[in-house]
Each structure stands twice: as C-alpha cells, then as structure tokens.
2 protein chains.
Amino acid sequence: MSTDEAVALLREAGLRVTPQRVAVLKALAAESHPTAEGILARILPEYPGTGLATVYNTLAALARRGRVLAIASPEGRRYDLRTEAHQHVRCRRCGRVEDLPEWPGAAWVHTVLPAGWSAEGWQVMVEGLCDTCRSVAS
Amino acid sequence: MSTDEAVALLREAGLRVTPQRVAVLKALAAESHPTAEGILARILPEYPGTGLATVYNTLAALARRGRVLAIASPEGRRYDLRTEAHQHVRCRRCGRVEDLPEWPGAAWVHTVLPAGWSAEGWQVMVEGLCDTCRSVAS
DNA sequence: ATACGTGCAAATACTTTGCACGTCA
DNA sequence: TGACGTGCAAAGTATTTGCACGTAT
C-alpha cells in the first residue's frame, strides 16, 4: 500500500493522519494477518520509539470504523485489512493465518439462525498445518 | 448430563474421576458454550472452594483429548462439549454463543487450501445480535 | 487554538504454572 | 502407595487506560 493510499484511507475513515497510522496501514498491507506485535516490529526500524499502545489504538480505531478486521484465535488476535474475504486458514503449530477464496455458504447462514437473532457477518476458520510446519518435524 | 455419563466420559478419556471434573462436565452440558468463569460460577454453589485453575486444567485436559472444543472469540474463550457441530453464532453485544446446524459444504474446504497446507478441521462463526440484545436498546 | 494522537507506565483481564497437600485407582 | 489432581498464589501474556506532552487540522 502506498503512502497516498494509506492517507486516503485514514481521511475517508475520519481519522487524523499521522506517520504512525500510515505505518500501521502499510504494515497491515505488507504482511498477511499480522499480530499487533508483528506490526510494531515492522514499524520500529522506520519510526523508532513507536509504542505498542499506539498500534493497538490505531487498530481499534480502524476496526471500529470497519476498515480492519480483528481475527480471534487461540494464539491471540490478528488483524486484516478488511477486504471481502472472511475465510481463513490458521496453522495450528505456528498460528500463521492466510486467506481462502470466497466461502459459498453465505445463503445458508440466513436459513439457520436461531429465532430472534440477526446476522451481520461471518468468518470461516479452517485449522491445519502450514507448508513450513508440515515440512519440519511432526 | 448425568453423573454416570460424566464419569464414563472421563474414564474413556483416560482421566481420573474427581467431583470437580464431573461438575465441569455437567456445567458444560447445562450451559451453551460457557466461559471458564461461567463454568466456575455454576460449580461453586455445589463445591465451594473449587479453584479457577482447576477448571482451566480440566478444560485443557479434555481439549487435548478432543472431548471439548475451545472457541476463540474477541470476548475470550468459550468451551463446548465437542459434538460434530462446529458452526456457531456469536452475539456481538453480549458474546453469547449458540450452535448452528451443520453446514453442508465441508468438501469445499479441501478444494481451496493453499499449496502445502493440510486441513484438520474448521469452524464457521456467524456474528450478529441475539434475541435479548436486539430487544434491548440499539 | 484545540481536539485528537502519542509514548510511557500502570492497570486490567485472562490463562498458565509452581508447589505443598490431598485423593483416586 | 504412588501418580495424578487440587487450591492457592504468583507469574505470564495480551490488551486497555490515564496522563502529560506534542501535533494535525
């Protein structure tokens, strides 16, 4: 993601543009589903002194506005620049997360909700082992 | 779940039978997808003094043997007596989780994995608002 | 100018672990 | 009896919050 794109995204979201926020967005685009720590690690070389709290604050602000998706997993949260892909595979050994192509079950969702519930979205999480972890010991 | 069923489940899993573990299993059966705290709260009246660590230990032991499923969500983990249902709805306001009937497209999973990955399971999490939260303010 | 964002540190969960004692098999 | 489980407390992690200072608009 270019700086200009990051700036535009922040403005559209109604957030002030700061170098740290631009850096968070670039880190989100550069790495697939990073953790907050992973994002910070990517930012520090360019902006030493950036605080982890700022990363969390930025992610929370973006998530509240629907620009970023928080993915809960047993190894902690990971973040995703929200695209239309809400289906992921997670490696049970290393926690890595990757996208999957679109899930064909969207119509099914609306036919099976318990009475009185409404659906606003969904996530599919496939669990398995990634290429790297499979090639290492078992 | 009856005491006898709980005892049988523990024996099958190769775990020692203790009153606390039986109580954890009964709590899991009595409440839909409780949190560790919720399980403890349900146990305390009958077994005052039970420790939260014991609940976590029991859940971890059962999860390791595949008798219980840990469900990660932004509001923390919830636990489920493992049945074959791995599709859930979660209320975005109160965090409640309920089961959905089986999604008929399991075959899809195996056709979309990234190269080199293997799949061991999957979960579908639909997000929305539950009946109670919908009827309260917006 | 002023509201919002930042960095630090402290606070808050939530979950795991160490240890001495008790108990199931 | 001996290994495993329990309860308590302490230790980890992960995330959020308070506050004084800085900066984007």
Side-chain angles (χ1 to χ4, degrees), chain A residues 3-4 6-25 27 33-41 43-44 46-65 67-79 94-95 97, chain B residues 3-4 6-25 27 33-41 43-44 46-65 67-79 94-95 97:
Chain A
T3 301
D4 286 354
V7 169
L9 195 160
L10 287 168
R11 287 206 203 287
E12 278 168 31
L15 294 170
R16 289 197 179 171
V17 177
T18 66
Q20 293 89 338
R21 286 180 171 179
V22 170
V24 167
L25 284 170
H33 311 88
T35 60
E37 289 277 6
I39 291 171
L40 181 63
I43 290 175
L44 282 179
E46 196 174 351
Y47 295 99
T50 302
L52 188 50
T54 296
V55 174
Y56 276 114
N57 284 339
T58 300
L59 290 169
L62 288 166
R64 229 178 296 118
R65 283 148 228 250
R67 304 302 178 136
V68 150
L69 180 70
I71 304 165
S73 86
E75 291 91 19
R77 274 182 219 169
R78 289 175 169 269
Y79 298 88
C94 69
V97 171
Chain B
T3 300
D4 285 354
V7 169
L9 195 161
L10 287 168
R11 287 205 204 288
E12 279 169 30
L15 293 171
R16 288 197 180 171
V17 177
T18 67
Q20 292 91 337
R21 287 180 170 179
V22 171
V24 167
L25 284 170
H33 310 88
T35 60
E37 288 278 5
I39 291 170
L40 182 63
I43 290 176
L44 281 179
E46 197 175 349
Y47 295 98
T50 302
L52 188 51
T54 296
V55 174
Y56 277 113
N57 283 339
T58 300
L59 290 170
L62 288 165
R64 229 178 296 118
R65 283 149 227 252
R67 303 302 178 137
V68 150
L69 181 69
I71 304 166
S73 87
E75 291 90 20
R77 274 183 219 168
R78 289 176 168 269
Y79 299 87
C94 68
V97 171

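As the structure is a prediction and not an experimental result, all values here were calculated from the model. Every chain is numbered from 1, with letters handed out A, B, ... down the list of sequences. All values below come from the heavy atoms of this structure, side chains included, with hydrogens, waters and symmetry mates left out.
One atom, CG of Leu52(A), and another, P of dA9(C), lie 13 Å apart when rounded to the nearest Å. In this structure, Arg65(A) places its CZ atom 10 Å from P of dC4(C), rounding to the nearest Å. The CZ-C1' distance, from Arg78(B) to dC14(C), rounds to 14 Å in whole Å. Per the geometry, CZ belonging to Arg11(A) stands 9 Å off C1' belonging to dT25(D), to the nearest Å.
Here the closest non-hydrogen pair linking Ala27(B) and Pro34(B) is O-CG, 4.4 Å. Nearest heavy atoms, Ala72(B) versus Pro74(A): CB-N, 3.8 Å. Nearest heavy-atom pair, Leu25(B) versus Leu10(B), reported as atom, atom and distance to 0.1 Å: CD1-CG, 3.6 Å. Of all heavy-atom pairs spanning Gly49(A) and Leu44(A), the tightest one is N-CD2, 3.8 Å.
Counting only heavy atoms from C-beta outward, the side chains of Leu62(B) and Leu15(B) approach each other to under 4.5 Å. Gln20(B) has its side chain out of reach of Thr58(B): every pair of non-hydrogen atoms, C-beta onward, lies at least 4.5 Å apart. Leu59(A) places none of its side-chain heavy atoms less than 4.5 Å from the side chain of Arg77(A).
For the OP1/OP2 pair of dT15(C) and a distance below 4.0 Å, the side-chain nitrogens and oxygens of Tyr56(B) include at least one atom meeting the criterion. Residue Arg77(B) has no polar side-chain atom (N or O) positioned under 4.0 Å from OP1 or OP2 of dA14(D).
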Would you tabulate the pairs of protein nitrogen or oxygen atoms and nucleotide nitrogen or oxygen atoms of nucleotides 2-8 of chain D closer than 3.5 angstrom?
| residue | atom | partner | partner atom | Å |
| --- | --- | --- | --- | --- |
| dA3(D) | N3 | Arg16(B) | NH1 | 3.2 |
| dA3(D) | N3 | Arg16(B) | NH2 | 3.4 |
| dC4(D) | O4' | Arg16(B) | NH1 | 3.3 |
| dC4(D) | O4' | Arg16(B) | NH2 | 3.3 |
| dG5(D) | OP1 | Arg21(B) | NH1 | 2.7 |
| dG5(D) | OP1 | Arg21(B) | NH2 | 3.0 |
| dG5(D) | O5' | Arg21(B) | NH2 | 3.4 |
| dT6(D) | OP1 | Thr18(B) | OG1 | 2.8 |
| dT6(D) | O3' | Gln20(B) | NE2 | 2.9 |
| dG7(D) | OP1 | Gln20(B) | NE2 | 3.2 |
| dG7(D) | OP2 | Gly51(B) | N | 3.1 |
| dG7(D) | OP2 | Thr54(B) | OG1 | 2.6 |
| dC8(D) | OP2 | Gly49(B) | O | 3.3 |

Considering only nitrogen or oxygen atoms on both sides, find all protein atoms under 3.5 Å from nucleotides 10-13 of chain C and state each distance.
none

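Residue Val24(B) forms a side chain to side chain contact (heavy atoms under 4.5 Å, CB included) with just one option from Ile43(B), Thr18(B), Val68(B), Thr54(B), and that option is Ile43(B). When Leu9(A), Val7(A), Thr3(A) are each tested for a side chain to side chain contact (heavy atoms under 4.5 Å, CB included) with Val17(A), only one passes: Val7(A).
An angle of 40°, rounded to 10°, separates the two end axes of the helix from dA1(C)-dT25(D) to dA25(C)-dT1(D), each defined over five pairs.
The pair Arg67(B)-Glu12(B) counts as a salt bridge, with a side-chain nitrogen and a carboxylate oxygen less than 4.0 angstrom apart.
The closest donor-acceptor contact from the side chain of Arg21(B) to the backbone of Arg16(B) lies under 3.5 Å.
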